[in-house]
Amino acid sequence: MERNHGGLVEHPDWRRHLAPVAFVAAGTAVGASAGAVYAASSPTPVEAGPHQATVELNSTGMYKIDFGMIGNITMPSDQGPVGAELDILDVPAEDTTAEPFDYEHLATQYKQLFANPDHVFGRMQESVVNQVEQGASKGAALGLVLAMSGLIAVKTMSTEKQQALRTLLVPEGPHPALRKVIATGGLMGICALLVAPDIPNASADSPSEPVAAFAGTPFEGATVHGLYLRSIIDEVAPEVIDFIEDTDGFYEQAETNFEDAFNERSSLEKDETRSRVMIISDVHCNIGMSRVYGAVAQKFAADAVIDAGDATMSGTPVEEECIANEADALGDTPRFINLGNHDSPQVTGEQARNHNFMVADGTVQEFAGFTILGASDPRRSRFGAPDIQPNDSRIAEQGQTIRDIACASEPDIVVIHDPNAGEPTAEAHCATLTISGHVHEQAEPVVYEDGLGNANYHFVQGTTGGAKEDSLVLGALNDPAVLSVFEFDEDNQPLGRYDITVNPDSSVEISSFKPMPR
């Protein structure tokens, strides 16, 4: 309640404290807004096919892929008036200095770029959104600091200086409350104009008809500007589109064949007293197979997925498409990956974590109700480079290290890429199930008895990408691809598995249930 003392009105405590609180809140909001706008208008590094690139938001309602001097491609955005411009830069030096230079690998990445523009544009938007969120957070912090500093500075002023400052910022008007609203709004507007540059518009281009060759593809409706780029696309697009259609048709048929085979067998329905874990390995960036193993995870109602490594070909930044594609196919299913010799612990590991994989780190981790231990392959292989030596001493050292950790903790599952690094743990009876990959050949589990009636197993998963030595898994399969679904009891003991094999003719075989050997 207000009290009058000699013509002066004394406001209640809450009203006396409201102004500084509002000032601090306004300063924080101004900082967050300015930081967000500034971040949105700043180039964000991304990868596009084999190239490094940057992306910026624009207000044209168009996506634009700018190849520099040779031209650009534009297509309508699905985000209303908000578009984005992708500036294609050079291929990273690390991708052009390998000996021998792997042109085939780069060609694969180009085809992945044009076959999956939704992933490219999705990553563009995700990168910008992340940058905007970080900019807003930093701007809010800066605004809060400045507002608090301003309040402290004002509080230390004399009464006369405070009155003079109030008169300057809040001019006389028809109503005190309205004056304060106008002053605060004006202050926020001035701050935004000072801090945030305009969001750029895409540069104007001469009108162009949509490219006929893009009809029926993810780039349908796109236009190409630049005679050189247009001639390249006119020449190459039919071949790429035929490749895309053939590849999509193959894996679409394989997915249908799997679902038909599954639906014909009621015995494949899940027993709710058991848990199921799908095992894949050595996918080697076969993005077509993702629709098949995604369907397997869904139909078998997998509780978790384990990737035993070599998800990529060289572990480079531009191979994020391989990890993103796998993550999309698996949806919300918990997933664990143990990086192989063709992956990079730094690059592929970060990509996997960004796509919600639990990544093996040399410690025992809690995963989907299991305790699991894994460690990245200590070797590093790139497609096109000389093969690694199979008797590398680092594998023997890793095997001993993992065995010691497992024997001290006795995890349910050990995942280690090279079978030679997994054998010591299995032989020491220190994990119920050890899983490996790497050799591209499926093998029946090897059983190890401890003399007390207990058994543990070492299982080597075949290649889920249909990979052959020294060749890319590009297009339809040339060799069978295999994955497995293990069943466990309530004590996390493995009971057996189903093997799912996709053949080069797109036919799919689902094995009968294979109990664990004893």
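Note that the structure is a prediction, hence the values are computed from the model and not measured.
Counting heavy atoms from C-beta outward, Ile510 and Phe300 have side chains that approach closer than 4.5 Å. In this structure the side chain of Ile395 reaches within 4.5 angstrom of the side chain of Asp377, judged on heavy atoms. You'll find the side chain of Pro445 reaches within 4.5 Å of the side chain of Arg497, heavy atoms only. Inter-residue side-chain proximity for Val508 and Ile500 is flagged as met; some heavy-atom pair is nearer than 4.5 Å. Within the 4.5 Å cutoff, the side chain of Leu339 has heavy atoms near those of the Val359 side chain. Asn354 has its side chain out of reach of Gln351: every pair of non-hydrogen atoms, C-beta onward, lies at least 4.5 Å apart. Thr316 is not listed as a side-chain neighbour of Val347, based on a closest heavy-atom distance of 4.5 Å or more. Annotation: side chain of Val305 is not in contact with side chain of Tyr293 (no heavy-atom distance under 4.5 Å).
Nearest heavy atom pair, residue Ala481 against residue Gly465, reads CB-C, 4.2 Å. Scanning both residues, Thr425 and Asn456, for their nearest heavy atoms gives O-ND2, 4.4 Å. For the residue pair Ser344 and Arg380, the shortest heavy atom distance occurs at CB-NH2, 3.5 Å. The minimum heavy-atom distance linking Val447 with Pro517 is given by the pair CG2-O, 3.7 Å. The minimum heavy-atom distance linking Pro419 with Ser436 is given by the pair CA-OG, 3.5 Å. Between Cys322 and Ala311, the closest heavy-atom pair is CB-O, 4.0 Å.
Ser275 places no side-chain N or O within donor-acceptor distance of the main-chain N or O of Glu490, the cut-off being under 3.5 Å. Here the side chain of Asp307 pairs no donor or acceptor atom with the backbone of Ser281 at under 3.5 angstrom. Between the side chain of Thr371 and the backbone N or O of Asp412, at least one donor-acceptor pair lies under 3.5 Å. Judged by distance alone, the side chain of Asp491 and the main-chain N or O of Gln493 form no donor-acceptor pair under 3.5 Å. A donor-acceptor pair under 3.5 Å is formed between the side chain of Thr464 and the backbone N or O of Val482. Under the 3.5 Å distance criterion, the side-chain polar atoms of Arg379 are left unmatched by any main-chain donor or acceptor of Arg394. Between the side chain of Arg335 and the backbone N or O of Gly331 there is at least one donor-acceptor pair closer than 3.5 Å. For Asn503 (side chain) and Ser506 (main-chain N/O), no donor-acceptor pair under 3.5 Å exists by modelled atom type. Judged by distance alone, the side chain of Glu319 and the main-chain N or O of Met313 form a donor-acceptor pair under 3.5 Å. A distance-only check finds a donor-acceptor pair linking the side chain of Asp343 to the backbone of Thr312 [under 3.5 Å].
Under the 3.5 Å distance criterion, with hydrogens and angles disregarded, no donor-acceptor pair is assigned to the side chains of Thr463 and His284. For the residue pair His417 / Asn338, no side-chain donor-acceptor distance below 3.5 Å is found, with atom types taken as modelled. In this structure, a donor-acceptor pair under 3.5 Å is absent between the side chains of Gln400 and Asp404. For the residue pair Gln442 and Ser484, a side-chain donor N or O sits within less than 3.5 Å of a side-chain acceptor on the partner. Using a 3.5 Å distance cut-off with no hydrogens or angles, the side chains of Tyr251 and Asn286 do pair a donor with an acceptor.
From Lys299, atom NZ reaches atom CG of Leu268 across 10.5 Å, with rounding to the nearest 0.5 Å. The CG atom of Asp248 lies 11.0 Å from the CD atom of Glu255; values are rounded to the nearest 0.5 Å. From Met358, atom CE reaches atom CD1 of Ile337 across 13.0 Å, with rounding to the nearest 0.5 Å. The distance from atom CD1 of Ile279 to atom CG of Leu433, rounded to the nearest 0.5 Å, is 7.0 Å. Taking CG from Asp260 and CG from Asn257, the interatomic distance works out to 6.5 Å, rounded to the nearest 0.5 Å. Rounding to the nearest 0.5 angstrom, the gap separating the CD1 atom in Ile280 from the CG atom in Leu330 is 6.0 Å.
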Worked verdict on Phe486 versus Met516 for side chain to side chain contact (heavy atoms under 4.5 Å, CB included): CA-CA 10 Å; Phe486 272 75; Met516 301 302 287; 3.9 Å; yes
Derivation and outcome, side chain to side chain contact (heavy atoms under 4.5 Å, CB included), residues Ile306 and Val277: CA-CA 7 Å; Ile306 293 175; Val277 178; 3.8 Å; yes
Audit row: Gln398, Asp418, side chain to side chain contact (heavy atoms under 4.5 Å, CB included) steps and yes/no: CA-CA 10 Å; Gln398 184 181 57; Asp418 192 308; 5.7 Å; no
Residue pair Phe513, Tyr498: steps toward the ring pair (Phe, Tyr, Trp, His ring centres under 6.0 Å) verdict: CA-CA 5 Å; Phe513 185 71; Tyr498 296 95; 5.2 Å; yes
CA sep, side-chain torsions, deciding dist, call: Leu373, Ile405, side chain to side chain contact (heavy atoms under 4.5 Å, CB included): CA-CA 8 Å; Leu373 167 64; Ile405 296 172; 3.9 Å; yes
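A salt bridge links Lys270 with Asp303: the distance from a Lys NZ or Arg NE/NH1/NH2 to an Asp or Glu carboxylate oxygen falls below 4.0 Å. Asp499 has a carboxylate O that lies under 4.0 Å from a charged side-chain N of Lys514, or vice versa, which qualifies the two as a salt bridge. Classification of Glu427 and Arg403 as a salt-bridged pair fails, no side-chain N sitting under 4.0 Å from a carboxylate O.
Here the two rings, on Phe370 and Phe488, have centers that are under 6.0 Å apart.
Residue His355 forms a side-chain hydrogen bond (donor to acceptor under 3.5 Å, both in side chains) with just one option from Glu326, Glu350, Glu320, and that option is Glu320.
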